[in-house]
Protein chains: 2
Amino acid sequence: MTVSSPSASSAGSPRSVATKARKASVLAAALDCFTRLGTDGTTIQDIQRQANCSIGSIYHHFGSKEGIAEELFLDGIARFNKGMVRQLKKCQDAEESVRAVVGYYCDWSTRHRELARYLHSRDIDFSTDAKARLKRIHQDYIAAVFLWFAPFVEAGQMRQLPIDTYVPLISGPIQEYVRRWLSGHHNIGPKQVREVFADAAWNAVKG
Amino acid sequence: MTVSSPSASSAGSPRSVATKARKASVLAAALDCFTRLGTDGTTIQDIQRQANCSIGSIYHHFGSKEGIAEELFLDGIARFNKGMVRQLKKCQDAEESVRAVVGYYCDWSTRHRELARYLHSRDIDFSTDAKARLKRIHQDYIAAVFLWFAPFVEAGQMRQLPIDTYVPLISGPIQEYVRRWLSGHHNIGPKQVREVFADAAWNAVKG
DNA sequence: CTTTTTACTAGAATCGAATTCTAGATTACG
DNA sequence: CGTAATCTAGAATTCGATTCTAGTAAAAAG
């Protein structure tokens with residue numbers, strides 16, 4: 001492995017750019033195939049053809065079909081989380097923050113419907129390595145969210161509860177609603193019931 | 001197809017008993033393999049060996065590996081739902097009913113931990129046929145639950161809300177908590193946070 | 001009680017898709 | 001330049017799901 005100076009690697013040597021683009025195109029192709037043909041129905045060839053690259057190239061970058069699926073999942077979660085944290089930081093108080101969580105969930109799922117669907121389709125059942133990476137992502141997220149909300153709890157704007165219960169209380173209902181919507185169980189989009197869930201979320205945790 | 005008298009088929013002709021037993025043993029073996037080796041990591045041979053039967057037998061009963069997975073899923077959901085409805089019918093009023101939903105979720109997931117884990121690991125992404133069967137199971141459940149709760153809404157004990165929001169509001173948080181617990185994200189079992197979620201559920205829908 | 005049909009079991013043979021392997025091209029870097 | 005590392009290709013292999021053929025035992029028909 002080459003340990004180049006940290007600053008140089010991130011930017012744009014001709015190859016690293018090409019590599020990033022190729023990986024991205026494979027992931028995009030994979031998502032599209034998974035959506036159209038189902039995760040199991042998709043073959044490496046389907047992805048490879050759609051991404052315009054060779055089998056060798058795919059295996060070089062992802063190691064296995066499962067590797068593609070994991071990357072897509074972890075990458076998607078990470079992006080979702082990042083956006084969430086960004087939204088939170090725009091908020092002024094506890095209530096606005098809690099409502100922002102629900103709102104962001106609705107917006108993001110509507111905007112990235114296919115990816116959202118994919119993220120919902122897998123949740124447990126990963127390789128040891130992917131599990132570790134997921135746990136890491138998850139912990140970073142929890143830490144960021146915790147940092148944001150802790151002062152509100154301190155100040156009494158939000159109730160004091162077991163630490164692991166906040167996320168389920170706030171986002172559980174909207175998440176479950178979105179899951180059902182994405183599986184085609186109901187037709188009313190999340191944006192139209194957003195208020196109901198935002199109210200419930202705030203109610204569940206307000207001081 | 002033989003159309004025997006309806007009453008006779010359900011009970012216990014020597015063959016139908018043996019068949020039921022074999023199917024059950026395959027499903028049990030499958031669940032165990034899925035738990036130990038992961039859904040993808042499990043081969044038909046693994047299941048076949050553990051269930052002590054031949055490949056032909058498995059394919060005769062389930063048609064495909066996916067068929068086993070679907071049967072396990074649908075059967076599990078159906079049993080969960082049935083138990084839930086039974087619990088509900090023991091309740092006297094709205095609040096007790098709502099709390100019972102959360103309680104049942106905790107108990108069942110703890111008692112049938114492996115099956116619960118499996119049910120959480122798949123949620124979308126089924127064959128057309130399985131989707132139809134799932135929808136049917138789902139509708140029956142919703143109908144039963146709706147029948148139970150409707151009078152309470154009428155009587156003003158529970159709030160009037162968009163029909164599809166009740167289930168996510170009541171069971172979303174505990175479900176999300178259990179999912180995280182089953183994936184190993186936190187160590188405190190659902191029974192220890194049951195009250196928090198029961199309170200929140202009742203709060204979200206009380207009149 | 002035979003015959004015939006149907007449900008079920010068995011396991012070898014097939015087929016297809018994931019993965020591995022070898023070779024060659026391109027880029028970084030001293 | 002030249003040497004190593006990264007990356008791309010696609011043919012060859014491997015492994016597992018599925019199919020097929022044959023046979024057994026229970027049920028239904030007569």
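By convention in this document, chain letters (A, B, ...) are assigned in the order of the sequence lines, proteins followed by strands, and residues within each chain are numbered from 1.
Against DNA chain D, the stretch residues 57-73 of chain B makes heavy-atom approaches under 4.0 Å through Tyr59(B), Ser64(B), Lys65(B). For residues 29-53 of chain B, proximity to DNA chain C is found at Cys53(B), defined as any non-hydrogen atom under 4.0 angstrom from a strand atom.
With sequence neighbours left out, the ring pair (Phe, Tyr, Trp, His ring centres under 6.0 Å) criterion links Tyr177(B) to His186(B), Phe197(B). Looking at residues two or more places apart in sequence or on another chain, you find no salt bridge (charged side-chain N to carboxylate O under 4.0 Å, His left out) involving Arg22(B). Under the rule for a ring pair (Phe, Tyr, Trp, His ring centres under 6.0 Å), the partners of His112(A) that lie at least two apart in sequence or sit in another chain are Trp108(A). By the ring pair (Phe, Tyr, Trp, His ring centres under 6.0 Å) test, Tyr166(A) is found to be paired with no residue, residues two or more places apart in sequence or in another chain being considered.
A donor-acceptor pair is defined here as one N or O able to donate and one able to accept, closer than 3.5 Å; no such pair exists between the side chain of Glu176(A) and the backbone of Gly172(A). Between the side chain of Thr165(A) and the backbone N or O of Pro162(A), at least one donor-acceptor pair lies under 3.5 Å.
The phosphate of dT6(D) has neither OP1 nor OP2 within less than 4.0 Å of any side-chain N or O from Thr19(A). Contact annotation: Arg22(B) side-chain N/O to dT9(C) OP1/OP2 distance is under 4.0 Å. For Ser54(B) and dA10(C), the shortest distance from a side-chain N or O to OP1 or OP2 is below 4.0 Å.
If you take NZ of Lys20(A) and C1' of dT6(D), they are 16 Å apart, rounded to a whole angstrom. Distance, Ile55(B) CD1 to dT14(C) C1': 12 Å, rounded to whole Å.
Under the 6.0 Å distance and 45° angle rule, Arg122(A) counts as a cation-pi partner of Phe126(A). Cation-pi contact between Arg117(A) and Trp181(A): absent, since separation from the ring centre below 6.0 Å together with deviation from the ring axis within 45° is not met.
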